Amino acid sequence: MLTINLIREKKEFIIERLKVKNFEAGPIVEKILTLDASRREIQVKTDSMQGEMNRISKEIGILMKDGKKEEAEAAKEKTYSLKEEIKSLTDKLMPIDNELKSELIRLPNLPHESVPKGYGADDNLKVKEGGIIPKLSDKALPHWDLIKKYDIIDFELGIKLTGAGFPVYLGKGARLQRALINFFLDEGEKAGYREVMPPILVNEDSGFGTGQLPDKEGQMYHATLDNFYLIPTAEVPVTNIYRDVILNADALPVKNIAYTPCFRREAGSWGAHVRGLNRLHQFDKVEIVQIAHPDHSYKSLEEMVSHVEGLVSKLGLPYRILRLCGGDMSFTSALTYDFEVWSAAQKRWLEVSSVSNFESFQANRLKCRFKDKGDKQTKLAHTLNGSALALPRIVAAILENNQTDNGIKIPPVLIPYTGFDLIS
RNA sequence: GGAGAAAUGGCAGAGCGGUCGAAUGCGGCGGUCUUGAAAACCGUUGAUCUGUUUCCACGGAUCCGGGGGUUCGAAUCCCUCUUUCUCCGCCA
(Lines give C-alpha, C1' and ligand atoms only; values in the text may rest on other atoms or scores of the structure.)
Protein backbone atom coordinates (compact mmCIF):
# COMPACT_ATOMS: atom_id res chain seq x y z
CA MET A 1 0.00 0.00 0.00
CA LEU A 2 1.39 3.38 -1.00
CA THR A 3 1.42 6.03 1.68
CA ILE A 4 -1.20 8.71 1.47
CA ASN A 5 1.50 11.36 1.83
CA LEU A 6 3.25 10.21 -1.31
CA ILE A 7 -0.01 10.27 -3.22
CA ARG A 8 -0.72 13.80 -2.03
CA GLU A 9 2.73 15.06 -2.88
CA LYS A 10 3.63 13.19 -6.05
CA LYS A 11 0.44 12.37 -7.83
CA GLU A 12 1.78 12.85 -11.37
CA PHE A 13 4.91 10.89 -10.61
CA ILE A 14 2.86 7.94 -9.34
CA ILE A 15 0.62 7.89 -12.40
CA GLU A 16 3.68 8.05 -14.63
CA ARG A 17 5.57 5.29 -12.83
CA LEU A 18 2.63 2.92 -12.73
CA LYS A 19 2.43 3.05 -16.50
CA VAL A 20 5.51 0.84 -16.44
CA LYS A 21 3.32 -1.77 -14.80
CA ASN A 22 0.69 -1.06 -17.45
CA PHE A 23 -1.57 0.24 -14.72
CA GLU A 24 -3.84 3.21 -15.28
CA ALA A 25 -3.70 4.89 -11.90
CA GLY A 26 -5.24 8.26 -12.73
CA PRO A 27 -8.87 7.66 -11.76
CA ILE A 28 -7.97 5.83 -8.54
CA VAL A 29 -5.51 8.51 -7.52
CA GLU A 30 -8.08 11.23 -8.12
CA LYS A 31 -10.65 9.35 -6.10
CA ILE A 32 -8.18 8.87 -3.28
CA LEU A 33 -7.30 12.53 -3.19
CA THR A 34 -10.95 13.54 -3.12
CA LEU A 35 -11.73 11.08 -0.34
CA ASP A 36 -8.66 12.15 1.58
CA ALA A 37 -9.59 15.81 1.34
CA SER A 38 -13.11 15.25 2.63
CA ARG A 39 -11.82 12.91 5.28
CA ARG A 40 -9.49 15.56 6.58
CA GLU A 41 -12.09 18.27 6.41
CA ILE A 42 -14.47 16.25 8.55
CA GLN A 43 -11.68 15.14 10.83
CA VAL A 44 -10.64 18.72 11.55
CA LYS A 45 -14.23 19.69 12.34
CA THR A 46 -14.82 16.78 14.69
CA ASP A 47 -11.48 17.37 16.36
CA SER A 48 -12.33 20.93 17.24
CA MET A 49 -15.81 19.99 18.41
CA GLN A 50 -14.43 17.17 20.45
CA GLY A 51 -11.98 19.67 21.95
CA GLU A 52 -14.86 21.98 22.87
CA MET A 53 -16.68 19.02 24.37
CA ASN A 54 -13.67 18.09 26.47
CA ARG A 55 -13.34 21.65 27.70
CA ILE A 56 -16.96 21.79 28.83
CA SER A 57 -16.74 18.42 30.48
CA LYS A 58 -13.77 19.53 32.49
CA GLU A 59 -15.62 22.66 33.55
CA ILE A 60 -18.54 20.55 34.70
CA GLY A 61 -16.19 18.49 36.77
CA ILE A 62 -14.84 21.56 38.52
CA LEU A 63 -18.30 23.04 39.05
CA MET A 64 -19.52 19.79 40.57
CA LYS A 65 -16.61 19.73 42.92
CA ASP A 66 -17.34 23.28 44.03
CA GLY A 67 -20.96 22.32 44.60
CA LYS A 68 -22.26 24.67 41.93
CA LYS A 69 -24.94 22.26 40.80
CA GLU A 70 -27.04 24.70 38.82
CA GLU A 71 -24.16 26.03 36.77
CA ALA A 72 -23.11 22.51 36.04
CA GLU A 73 -26.57 21.65 34.79
CA ALA A 74 -26.50 24.69 32.54
CA ALA A 75 -23.19 23.59 31.08
CA LYS A 76 -24.61 20.15 30.45
CA GLU A 77 -27.34 21.67 28.34
CA LYS A 78 -24.68 23.04 26.02
CA THR A 79 -23.20 19.62 25.38
CA TYR A 80 -26.29 17.93 24.01
CA SER A 81 -26.33 19.56 20.60
CA LEU A 82 -22.55 19.36 20.30
CA LYS A 83 -22.72 15.68 21.00
CA GLU A 84 -25.26 15.14 18.27
CA GLU A 85 -23.20 17.06 15.73
CA ILE A 86 -20.12 15.05 16.56
CA LYS A 87 -22.05 11.88 16.12
CA SER A 88 -23.39 12.84 12.73
CA LEU A 89 -19.91 13.82 11.59
CA THR A 90 -18.33 10.58 12.74
CA ASP A 91 -21.10 8.66 11.02
CA LYS A 92 -20.11 10.43 7.81
CA LEU A 93 -16.45 9.79 8.39
CA MET A 94 -16.65 6.01 8.72
CA PRO A 95 -17.74 5.16 5.18
CA ILE A 96 -15.30 7.68 3.71
CA ASP A 97 -12.49 6.15 5.70
CA ASN A 98 -13.39 2.66 4.58
CA GLU A 99 -13.68 3.65 0.97
CA LEU A 100 -10.34 5.43 1.15
CA LYS A 101 -8.72 2.31 2.50
CA SER A 102 -10.18 0.08 -0.14
CA GLU A 103 -9.07 2.45 -2.88
CA LEU A 104 -5.59 2.68 -1.41
CA ILE A 105 -5.07 -1.06 -1.55
CA ARG A 106 -5.97 -1.10 -5.22
CA LEU A 107 -2.82 0.79 -6.22
CA PRO A 108 0.17 -1.43 -6.98
CA ASN A 109 3.65 -0.65 -5.80
CA LEU A 110 5.74 1.71 -7.88
CA PRO A 111 8.33 -0.11 -9.97
CA HIS A 112 11.96 0.80 -9.43
CA GLU A 113 13.50 3.00 -12.10
CA SER A 114 15.53 0.08 -13.43
CA VAL A 115 12.44 -1.98 -14.21
CA PRO A 116 12.08 -2.53 -17.96
CA LYS A 117 8.79 -1.78 -19.67
CA GLY A 118 6.91 -4.72 -21.00
CA TYR A 119 3.85 -6.88 -20.90
CA GLY A 120 4.93 -10.42 -20.16
CA ALA A 121 7.62 -13.02 -19.73
CA ASP A 122 9.14 -12.25 -23.14
CA ASP A 123 9.98 -8.73 -22.10
CA ASN A 124 11.99 -9.68 -19.04
CA LEU A 125 15.59 -8.64 -19.08
CA LYS A 126 18.21 -11.36 -18.87
CA VAL A 127 20.80 -10.12 -16.42
CA LYS A 128 23.04 -13.09 -16.18
CA GLU A 129 23.44 -16.69 -17.23
CA GLY A 130 25.58 -19.33 -15.57
CA GLY A 131 26.38 -23.03 -15.48
CA ILE A 132 26.66 -25.46 -18.34
CA ILE A 133 23.67 -26.90 -20.10
CA PRO A 134 24.15 -30.69 -20.16
CA LYS A 135 23.82 -32.76 -23.30
CA LEU A 136 21.57 -35.73 -22.60
CA SER A 137 21.21 -38.86 -24.64
CA ASP A 138 18.13 -39.51 -26.74
CA LYS A 139 16.90 -41.88 -24.07
CA ALA A 140 16.74 -39.08 -21.50
CA LEU A 141 13.49 -39.00 -19.58
CA PRO A 142 11.51 -36.12 -18.12
CA HIS A 143 11.39 -36.15 -14.33
CA TRP A 144 7.85 -37.51 -14.16
CA ASP A 145 9.11 -40.68 -15.77
CA LEU A 146 12.30 -40.77 -13.72
CA ILE A 147 10.45 -40.64 -10.43
CA LYS A 148 8.43 -43.67 -11.47
CA LYS A 149 11.46 -45.49 -12.73
CA TYR A 150 13.28 -45.10 -9.44
CA ASP A 151 10.14 -45.07 -7.26
CA ILE A 152 11.06 -41.89 -5.37
CA ILE A 153 7.95 -39.74 -5.74
CA ASP A 154 4.42 -41.11 -6.05
CA PHE A 155 1.71 -38.87 -7.44
CA GLU A 156 -0.95 -41.57 -7.56
CA LEU A 157 -0.53 -42.24 -3.89
CA GLY A 158 -0.89 -38.52 -3.19
CA ILE A 159 -4.15 -38.53 -5.12
CA LYS A 160 -5.38 -41.37 -2.94
CA LEU A 161 -4.44 -39.59 0.26
CA THR A 162 -5.39 -36.06 -0.68
CA GLY A 163 -5.74 -35.16 -4.34
CA ALA A 164 -3.83 -34.05 -7.39
CA GLY A 165 -0.78 -31.93 -6.70
CA PHE A 166 0.05 -33.52 -3.35
CA PRO A 167 2.92 -35.88 -4.09
CA VAL A 168 4.27 -38.46 -1.68
CA TYR A 169 8.06 -38.57 -1.47
CA LEU A 170 9.45 -42.03 -0.85
CA GLY A 171 12.80 -43.45 0.19
CA LYS A 172 15.64 -41.59 -1.49
CA GLY A 173 13.11 -39.10 -2.84
CA ALA A 174 12.10 -38.14 0.68
CA ARG A 175 15.69 -38.07 1.79
CA LEU A 176 16.60 -35.78 -1.10
CA GLN A 177 13.93 -33.32 0.06
CA ARG A 178 15.32 -33.30 3.56
CA ALA A 179 18.87 -32.91 2.23
CA LEU A 180 17.95 -29.91 0.11
CA ILE A 181 16.10 -28.25 2.96
CA ASN A 182 19.04 -28.68 5.31
CA PHE A 183 21.53 -27.57 2.69
CA PHE A 184 19.56 -24.40 1.99
CA LEU A 185 19.12 -23.62 5.68
CA ASP A 186 22.78 -24.19 6.44
CA GLU A 187 23.88 -21.97 3.57
CA GLY A 188 21.50 -19.29 4.81
CA GLU A 189 22.81 -19.48 8.30
CA LYS A 190 26.35 -19.11 6.96
CA ALA A 191 25.20 -15.94 5.22
CA GLY A 192 23.97 -14.49 8.51
CA TYR A 193 20.30 -15.45 8.46
CA ARG A 194 18.53 -16.51 11.63
CA GLU A 195 16.49 -19.65 11.29
CA VAL A 196 12.81 -19.34 12.11
CA MET A 197 10.24 -22.09 12.27
CA PRO A 198 6.86 -20.38 12.08
CA PRO A 199 3.29 -21.64 12.19
CA ILE A 200 2.02 -22.71 8.81
CA LEU A 201 -1.49 -21.55 9.54
CA VAL A 202 -1.99 -17.83 9.94
CA ASN A 203 -4.86 -15.56 10.88
CA GLU A 204 -6.60 -12.95 8.80
CA ASP A 205 -4.46 -10.05 10.03
CA SER A 206 -1.32 -11.77 8.83
CA GLY A 207 -2.89 -12.52 5.47
CA PHE A 208 -3.71 -8.87 5.12
CA GLY A 209 -0.32 -7.70 6.31
CA THR A 210 1.60 -9.25 3.45
CA GLY A 211 -1.11 -8.58 0.89
CA GLN A 212 -2.61 -12.03 0.28
CA LEU A 213 -5.90 -10.75 1.62
CA PRO A 214 -8.27 -9.53 0.47
CA ASP A 215 -7.38 -9.82 -3.22
CA LYS A 216 -5.87 -13.31 -3.38
CA GLU A 217 -8.30 -14.93 -1.02
CA GLY A 218 -9.09 -17.74 -3.45
CA GLN A 219 -5.44 -18.75 -3.77
CA MET A 220 -5.07 -19.86 -0.17
CA TYR A 221 -6.51 -22.86 1.57
CA HIS A 222 -8.85 -21.62 4.25
CA ALA A 223 -9.60 -23.47 7.46
CA THR A 224 -13.00 -21.92 7.84
CA LEU A 225 -13.93 -23.30 11.21
CA ASP A 226 -11.16 -21.35 12.89
CA ASN A 227 -10.69 -18.77 10.13
CA PHE A 228 -7.04 -19.66 9.57
CA TYR A 229 -5.24 -19.74 6.26
CA LEU A 230 -2.59 -22.24 5.16
CA ILE A 231 0.43 -20.23 4.16
CA PRO A 232 1.29 -19.99 0.47
CA THR A 233 4.85 -19.07 1.44
CA ALA A 234 6.90 -18.56 4.60
CA GLU A 235 7.00 -14.91 3.64
CA VAL A 236 3.60 -14.53 5.28
CA PRO A 237 4.36 -15.62 8.86
CA VAL A 238 7.99 -14.47 8.82
CA THR A 239 7.29 -10.97 7.53
CA ASN A 240 4.32 -10.64 9.87
CA ILE A 241 6.64 -11.11 12.81
CA TYR A 242 7.38 -7.45 12.18
CA ARG A 243 3.79 -6.30 11.92
CA ASP A 244 3.19 -3.35 14.28
CA VAL A 245 6.80 -3.34 15.31
CA ILE A 246 9.16 -0.39 15.66
CA LEU A 247 12.78 -1.42 15.27
CA ASN A 248 15.93 0.45 16.13
CA ALA A 249 17.85 1.43 13.04
CA ASP A 250 20.97 -0.30 14.31
CA ALA A 251 19.12 -3.62 14.33
CA LEU A 252 18.75 -3.40 10.55
CA PRO A 253 18.96 -5.30 8.35
CA VAL A 254 17.02 -8.08 10.06
CA LYS A 255 17.71 -11.34 8.25
CA ASN A 256 15.52 -14.39 8.75
CA ILE A 257 15.36 -17.71 6.97
CA ALA A 258 12.61 -20.27 7.25
CA TYR A 259 11.73 -23.62 5.83
CA THR A 260 8.02 -24.33 5.54
CA PRO A 261 5.72 -26.36 3.40
CA CYS A 262 3.71 -24.05 1.16
CA PHE A 263 0.13 -24.50 0.09
CA ARG A 264 -1.41 -23.03 -3.01
CA ARG A 265 -4.79 -23.69 -4.50
CA GLU A 266 -3.54 -22.53 -7.92
CA ALA A 267 -7.11 -21.93 -8.89
CA GLY A 268 -7.37 -21.40 -12.60
CA SER A 269 -3.71 -21.92 -13.35
CA TRP A 270 -3.75 -25.50 -14.54
CA GLY A 271 -2.91 -26.10 -18.14
CA ALA A 272 0.22 -26.66 -20.14
CA HIS A 273 3.56 -27.15 -18.41
CA VAL A 274 2.15 -28.21 -15.09
CA ARG A 275 3.07 -31.86 -15.25
CA GLY A 276 4.99 -33.61 -12.56
CA LEU A 277 6.72 -31.33 -10.13
CA ASN A 278 6.24 -28.20 -12.17
CA ARG A 279 3.24 -27.02 -10.23
CA LEU A 280 1.95 -28.44 -6.96
CA HIS A 281 -0.60 -27.64 -4.29
CA GLN A 282 1.85 -28.48 -1.54
CA PHE A 283 5.57 -28.01 -1.85
CA ASP A 284 8.61 -27.26 0.27
CA LYS A 285 10.45 -23.99 0.20
CA VAL A 286 13.17 -22.21 2.12
CA GLU A 287 12.56 -18.49 2.19
CA ILE A 288 14.81 -15.59 3.09
CA VAL A 289 13.31 -12.39 4.43
CA GLN A 290 15.01 -9.11 5.21
CA ILE A 291 13.81 -5.97 6.90
CA ALA A 292 16.13 -3.24 5.75
CA HIS A 293 16.85 0.44 6.14
CA PRO A 294 15.49 2.33 3.12
CA ASP A 295 18.97 3.65 2.36
CA HIS A 296 20.38 0.15 2.08
CA SER A 297 17.56 -2.03 0.84
CA TYR A 298 18.95 -2.33 -2.68
CA LYS A 299 22.23 -3.45 -1.26
CA SER A 300 20.26 -6.12 0.60
CA LEU A 301 18.53 -7.10 -2.62
CA GLU A 302 21.83 -7.55 -4.44
CA GLU A 303 23.13 -9.57 -1.53
CA MET A 304 20.08 -11.83 -1.63
CA VAL A 305 20.41 -12.30 -5.37
CA SER A 306 24.02 -13.36 -5.05
CA HIS A 307 23.10 -15.69 -2.21
CA VAL A 308 20.53 -17.45 -4.37
CA GLU A 309 22.96 -17.51 -7.27
CA GLY A 310 25.44 -19.25 -4.98
CA LEU A 311 22.88 -21.94 -4.22
CA VAL A 312 22.00 -22.84 -7.77
CA SER A 313 25.58 -22.76 -8.89
CA LYS A 314 26.71 -24.94 -5.97
CA LEU A 315 24.07 -27.44 -7.05
CA GLY A 316 25.63 -27.35 -10.50
CA LEU A 317 22.46 -26.29 -12.24
CA PRO A 318 22.50 -24.12 -15.35
CA TYR A 319 20.63 -20.95 -14.49
CA ARG A 320 19.74 -17.51 -15.64
CA ILE A 321 18.70 -14.41 -13.77
CA LEU A 322 15.98 -12.16 -15.12
CA ARG A 323 14.97 -8.71 -14.12
CA LEU A 324 11.22 -8.76 -14.47
CA CYS A 325 9.52 -6.22 -16.65
CA GLY A 326 6.68 -4.06 -15.36
CA GLY A 327 3.99 -6.28 -16.77
CA ASP A 328 5.36 -9.49 -15.28
CA MET A 329 6.04 -8.16 -11.80
CA SER A 330 3.84 -8.76 -8.82
CA PHE A 331 1.46 -6.14 -7.52
CA THR A 332 3.54 -5.52 -4.40
CA SER A 333 7.05 -5.53 -5.79
CA ALA A 334 9.31 -2.61 -6.68
CA LEU A 335 12.02 -4.73 -8.26
CA THR A 336 12.09 -8.47 -8.80
CA TYR A 337 14.75 -10.85 -10.01
CA ASP A 338 13.63 -14.29 -11.10
CA PHE A 339 15.92 -17.28 -11.12
CA GLU A 340 15.33 -20.02 -13.62
CA VAL A 341 17.14 -23.33 -13.96
CA TRP A 342 17.39 -25.36 -17.11
CA SER A 343 15.41 -28.53 -17.10
CA ALA A 344 17.25 -30.61 -19.66
CA ALA A 345 14.67 -33.23 -20.54
CA GLN A 346 11.75 -30.82 -20.64
CA LYS A 347 14.05 -28.48 -22.50
CA ARG A 348 12.82 -25.38 -20.80
CA TRP A 349 13.62 -22.92 -18.06
CA LEU A 350 11.86 -23.42 -14.73
CA GLU A 351 11.38 -20.59 -12.27
CA VAL A 352 12.86 -21.59 -8.93
CA SER A 353 13.21 -18.31 -7.12
CA SER A 354 11.86 -14.84 -7.10
CA VAL A 355 13.75 -12.22 -5.12
CA SER A 356 12.05 -8.89 -4.55
CA ASN A 357 12.36 -5.58 -2.84
CA PHE A 358 8.97 -4.29 -1.77
CA GLU A 359 10.42 -1.06 -0.43
CA SER A 360 7.87 0.39 2.00
CA PHE A 361 4.83 -1.01 0.22
CA GLN A 362 4.39 -4.02 2.48
CA ALA A 363 5.75 -2.19 5.51
CA ASN A 364 3.00 0.39 5.21
CA ARG A 365 0.36 -2.27 5.53
CA LEU A 366 2.28 -4.05 8.23
CA LYS A 367 3.15 -0.89 10.11
CA CYS A 368 6.71 -2.11 10.24
CA ARG A 369 8.76 0.89 11.19
CA PHE A 370 12.11 1.87 12.54
CA LYS A 371 13.70 4.78 14.30
CA ASP A 372 17.04 6.26 13.40
CA LYS A 373 19.23 6.88 16.38
CA GLY A 374 18.40 10.19 18.02
CA ASP A 375 15.47 10.64 15.69
CA LYS A 376 12.02 11.17 17.13
CA GLN A 377 10.18 10.23 14.02
CA THR A 378 9.42 6.68 12.97
CA LYS A 379 9.84 5.74 9.33
CA LEU A 380 8.67 2.79 7.31
CA ALA A 381 11.22 0.07 6.84
CA HIS A 382 11.79 -1.75 3.58
CA THR A 383 10.91 -5.42 3.29
CA LEU A 384 12.47 -7.95 0.95
CA ASN A 385 12.11 -11.62 0.38
CA GLY A 386 13.22 -14.38 -1.88
CA SER A 387 13.04 -18.10 -2.28
CA ALA A 388 16.28 -19.78 -1.37
CA LEU A 389 15.00 -22.05 -2.78
CA ALA A 390 11.74 -23.73 -3.78
CA LEU A 391 12.32 -27.45 -3.96
CA PRO A 392 10.14 -29.16 -6.57
CA ARG A 393 11.58 -27.62 -9.71
CA ILE A 394 15.09 -27.86 -8.30
CA VAL A 395 14.43 -31.56 -7.81
CA ALA A 396 13.03 -31.81 -11.33
CA ALA A 397 16.14 -30.17 -12.75
CA ILE A 398 18.53 -32.29 -10.69
CA LEU A 399 16.77 -35.48 -11.74
CA GLU A 400 16.67 -34.60 -15.40
CA ASN A 401 20.07 -32.96 -15.77
CA ASN A 402 21.98 -35.53 -13.76
CA GLN A 403 20.49 -38.70 -15.21
CA THR A 404 22.94 -41.29 -16.48
CA ASP A 405 22.62 -44.86 -17.60
CA ASN A 406 23.47 -45.99 -14.08
CA GLY A 407 21.12 -43.69 -12.25
CA ILE A 408 20.82 -40.12 -11.08
CA LYS A 409 23.95 -38.50 -9.73
CA ILE A 410 23.55 -36.39 -6.63
CA PRO A 411 25.35 -33.01 -6.73
CA PRO A 412 28.51 -33.31 -4.59
CA VAL A 413 27.46 -30.55 -2.15
CA LEU A 414 24.38 -32.56 -1.27
CA ILE A 415 26.06 -35.91 -0.65
CA PRO A 416 26.91 -35.11 3.00
CA TYR A 417 23.20 -34.40 3.45
CA THR A 418 21.74 -37.32 1.49
CA GLY A 419 24.20 -39.93 2.56
CA PHE A 420 24.15 -41.41 -0.94
CA ASP A 421 25.60 -40.26 -4.26
CA LEU A 422 23.35 -42.05 -6.71
CA ILE A 423 19.67 -42.77 -7.11
CA SER A 424 19.45 -46.07 -8.92
C1' G B 1 -14.26 -29.21 28.54
C1' G B 2 -15.75 -26.90 33.82
C1' A B 3 -14.74 -22.98 37.69
C1' G B 4 -12.19 -18.59 39.01
C1' A B 5 -8.71 -14.37 38.20
C1' A B 6 -6.51 -11.02 35.02
C1' A B 7 -4.96 -7.86 30.43
C1' U B 8 -2.27 -0.32 31.77
C1' G B 9 3.77 3.06 28.42
C1' G B 10 10.37 -0.77 26.37
C1' C B 11 9.71 -3.79 31.18
C1' A B 12 7.64 -4.11 36.22
C1' G B 13 3.55 -1.90 38.44
C1' A B 14 -0.16 1.98 40.74
C1' G B 15 -4.72 4.20 39.47
C1' C B 16 -10.90 1.62 39.68
C1' G B 17 -16.15 7.81 37.08
C1' G B 18 -13.79 14.43 36.61
C1' U B 19 -7.74 18.63 35.60
C1' C B 20 -4.91 10.84 33.78
C1' G B 21 -1.21 10.03 28.33
C1' A B 22 -1.54 8.06 33.07
C1' A B 23 2.12 7.78 39.88
C1' U B 24 6.50 5.05 41.10
C1' G B 25 10.63 1.90 40.00
C1' C B 26 13.75 -0.23 36.25
C1' G B 27 15.60 0.41 31.48
C1' G B 28 16.92 4.11 27.42
C1' C B 29 18.84 9.02 26.15
C1' G B 30 21.38 13.78 27.59
C1' G B 31 24.18 16.22 31.38
C1' U B 32 27.08 17.19 36.19
C1' C B 33 31.05 14.74 38.66
C1' U B 34 35.52 11.44 37.04
C1' U B 35 41.97 10.54 33.77
C1' G B 36 38.11 6.90 32.14
C1' A B 37 34.24 3.90 34.04
C1' A B 38 30.92 2.74 38.03
C1' A B 39 28.08 5.03 41.81
C1' A B 40 25.46 9.42 42.99
C1' C B 41 22.77 13.59 41.38
C1' C B 42 19.88 16.61 37.64
C1' G B 43 17.03 16.56 33.30
C1' U B 44 14.57 13.84 29.54
C1' U B 45 11.79 9.63 27.70
C1' G B 46 5.27 6.35 23.45
C1' A B 47 2.19 5.98 18.98
C1' U B 48 -1.38 7.67 15.27
C1' C B 49 -4.19 11.54 12.87
C1' U B 50 -4.39 16.73 12.23
C1' G B 51 -3.81 22.49 12.22
C1' U B 52 -0.43 26.85 12.13
C1' U B 53 4.72 26.89 10.37
C1' U B 54 10.42 27.13 5.63
C1' C B 55 12.76 24.48 9.58
C1' C B 56 12.84 24.51 14.80
C1' A B 57 8.49 24.64 17.25
C1' C B 58 3.63 25.15 19.10
C1' G B 59 -1.71 23.73 19.34
C1' G B 60 -5.95 20.14 18.84
C1' A B 61 -7.97 15.00 18.46
C1' U B 62 -7.41 9.73 19.34
C1' C B 63 -5.01 5.46 21.86
C1' C B 64 -4.77 2.00 29.13
C1' G B 65 -6.02 -6.21 24.97
C1' G B 66 -10.05 -5.71 20.32
C1' G B 67 -15.13 -4.11 19.34
C1' G B 68 -19.67 -1.93 21.16
C1' G B 69 -22.57 0.69 25.04
C1' U B 70 -23.89 3.96 29.53
C1' U B 71 -22.41 9.21 30.92
C1' C B 72 -21.78 16.20 30.21
C1' G B 73 -17.20 13.25 31.25
C1' A B 74 -14.58 6.25 31.07
C1' A B 75 -8.06 3.33 32.12
C1' U B 76 -12.05 3.32 35.87
C1' C B 77 -19.17 1.18 35.01
C1' C B 78 -21.95 -2.41 31.51
C1' C B 79 -22.02 -5.96 27.18
C1' U B 80 -19.15 -8.87 23.85
C1' C B 81 -14.84 -11.08 21.70
C1' U B 82 -9.72 -12.44 22.18
C1' U B 83 -5.61 -13.75 25.01
C1' U B 84 -3.05 -15.13 29.57
C1' C B 85 -2.79 -17.30 34.45
C1' U B 86 -4.64 -20.66 38.54
C1' C B 87 -7.49 -24.99 39.97
C1' C B 88 -10.27 -29.38 38.29
C1' G B 89 -11.08 -32.76 34.23
C1' C B 90 -9.27 -34.99 29.67
C1' C B 91 -5.18 -36.22 26.43
C1' A B 92 0.05 -36.82 25.45
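Computed from heavy atoms alone, side chains included, the values below leave out hydrogens, waters and symmetry copies. In the text below, chain A, chain B and the rest are named by the order of the sequence lines, each starting its count at 1. Model, not experiment: these values are computed from the prediction.
Side-chain contact between A:His293 and A:Pro253 is absent, with no heavy atoms from C-beta onward closer than 4.5 Å. Residues A:Ile291 and A:Cys368 are in side-chain contact: their nearest non-hydrogen atoms beyond the backbone lie under 4.5 Å apart. Side-chain contact check for A:Ile398 versus A:Pro411: some heavy-atom pair is nearer than 4.5 Å. Using a 4.5 Å heavy-atom cutoff, the side chains of A:Val308 and A:Tyr337 are not in contact.
Taking the C1' atoms as reference points, B:G4 lies 29 Å from B:G9, given to the whole Å. Nucleotides B:U76 and B:U19 are separated by 16 Å at their C1' atoms, to the nearest Å. B:U50 and B:C55 have their P atoms separated by 15 Å, given to the nearest Å. Spacing between B:C79 and B:A5 at atom P, rounded to whole Å, works out to 13 Å. The gap from the C1' atom of B:G15 to that of B:C77 amounts to 15 Å, rounded to the nearest Å. A distance of about 13 Å separates the P atoms of B:A75 and B:A61, rounded to the whole Å. Nucleotides B:U53 and B:G17, compared at atom P, are 44 Å apart to the nearest Å. Across B:C85 and B:G43, the matching P atoms stand 40 Å from one another, rounded to whole Å.
A:Thr378 has no side-chain polar atom (N or O) that falls below the 4.0 Å cut-off from OP1 or OP2 of B:G46. Checking the phosphate oxygens (OP1, OP2) of B:U50, a side-chain nitrogen or oxygen of A:Arg8 falls inside 4.0 Å. OP1 or OP2 of B:A47 has not a single side-chain nitrogen or oxygen of A:Arg369 nearer than 4.0 Å. A:Gln50 has a side-chain polar atom (N or O) that falls below the 4.0 Å cut-off from OP1 or OP2 of B:U62. Residue A:Lys83 places at least one side-chain N or O closer than 4.0 Å to OP1 or OP2 of B:G73.
Summarising the base pairing, B:U62 is matched to B:A47 through a Watson-Crick or G-U wobble pair whose two defining distances lie under 3.5 Å. Figure legend. B:G73 is base-paired to no nucleotide; pairs are counted as Watson-Crick or G-U wobble with both atom distances under 3.5 Å. Across all strands shown, B:U24 is found opposite B:A12 as a Watson-Crick or G-U wobble partner, with both distances under 3.5 Å. If you check B:C85 for Watson-Crick or wobble pairing at under 3.5 angstrom, you find it paired to B:G4. Across all strands shown, B:U35 remains unpaired; no Watson-Crick or G-U wobble contact has both distances below 3.5 Å. With both pairing distances under 3.5 Å, B:C91 is matched to nothing as a Watson-Crick or G-U wobble pair. Shown here, B:U53 forms no base pair; nothing in the strands shown gives a Watson-Crick or G-U wobble contact with both key distances under 3.5 Å.
Residues A:Phe361 and A:His382 place their aromatic rings such that the two centres sit no closer than 6.0 Å.
Straight-line distance from the NZ atom of A:Lys45 to the C1' atom of B:G60: 17 Å, rounded to whole Å. With rounding to whole Å, A:Ile42 atom CD1 is found 14 Å from B:G51 atom P. Put simply, CZ on A:Arg39 is 11 Å from C1' on B:U48, counting in whole angstrom units. Between the CG atom of A:Asp250 and the C1' atom of B:C29 there is a distance of 13 Å, rounded to whole Å. Rounded to whole Å, atom C1' of B:U45 lies 14 Å from atom CD1 of A:Ile246. One atom, NZ of A:Lys78, and another, C1' of B:C72, lie 11 Å apart when rounded to the nearest Å. Note: CG (A:Asp205) to P (B:C81) measures 19 Å, nearest angstrom. A:Asn364 places its CG atom 12 Å from the P atom of B:U48, with the value rounded to the nearest Å.
Comparing A:Met94 and A:Ile62 by the nucleotide of RNA chain B whose heavy atom lies nearest to each, the residue mapping closer to the 5' end is A:Ile62. Looking at which nucleotide of RNA chain B each of A:Ile4 and A:Gly51 is closest to, the 5′-most match is held by A:Ile4.
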Would you check, one step at a time, whether the test salt bridge (charged side-chain N to carboxylate O under 4.0 Å, His left out) holds for A:Lys409 with A:Asp421?
CA-CA 6 Å; A:Lys409 284 196 288 192; A:Asp421 58 5; over 6 Å; no
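Taking only side-chain atoms of A:Asp47, from C-beta outward, the nucleotide of B:C72, B:C49, B:G51 with the closest atom is B:C49. In this structure, of B:U50, B:C72, B:U62, it is B:C72 that holds the atom nearest to the side chain of A:Lys76. When each of B:A47, B:U62, B:G73 is scored by its nearest atom to the side-chain atoms of A:Asn54, the top-ranked nucleotide is B:U62. For A:Lys58, whose side chain is taken as the heavy atoms from C-beta onward, the closest listed nucleotide among B:C72, B:U19, B:G51 is B:U19.
A cation-pi contact links A:Arg365 to A:Phe208, judged by a cut-off of 6.0 Å to the six-membered ring centre and 45° from its axis.
Among the atoms of the strands shown, base atoms are found under 4.0 Å from some heavy atom of A:Ser57. As judged by a 4.0 angstrom heavy-atom cut-off over every strand, A:Arg55 is placed among residues making no nucleic acid contact. Using a 4.0 Å heavy-atom distance criterion, A:Lys371 is classed as a sugar-phosphate-only contact. Residue A:Ile56 is out of contact with every strand shown, counting any heavy-atom pair closer than 4.0 Å.
For the atom pair CG (A:Asn357) and CG (A:Leu384), the distance works out to 4.0 Å, reported to the nearest 0.5 Å.
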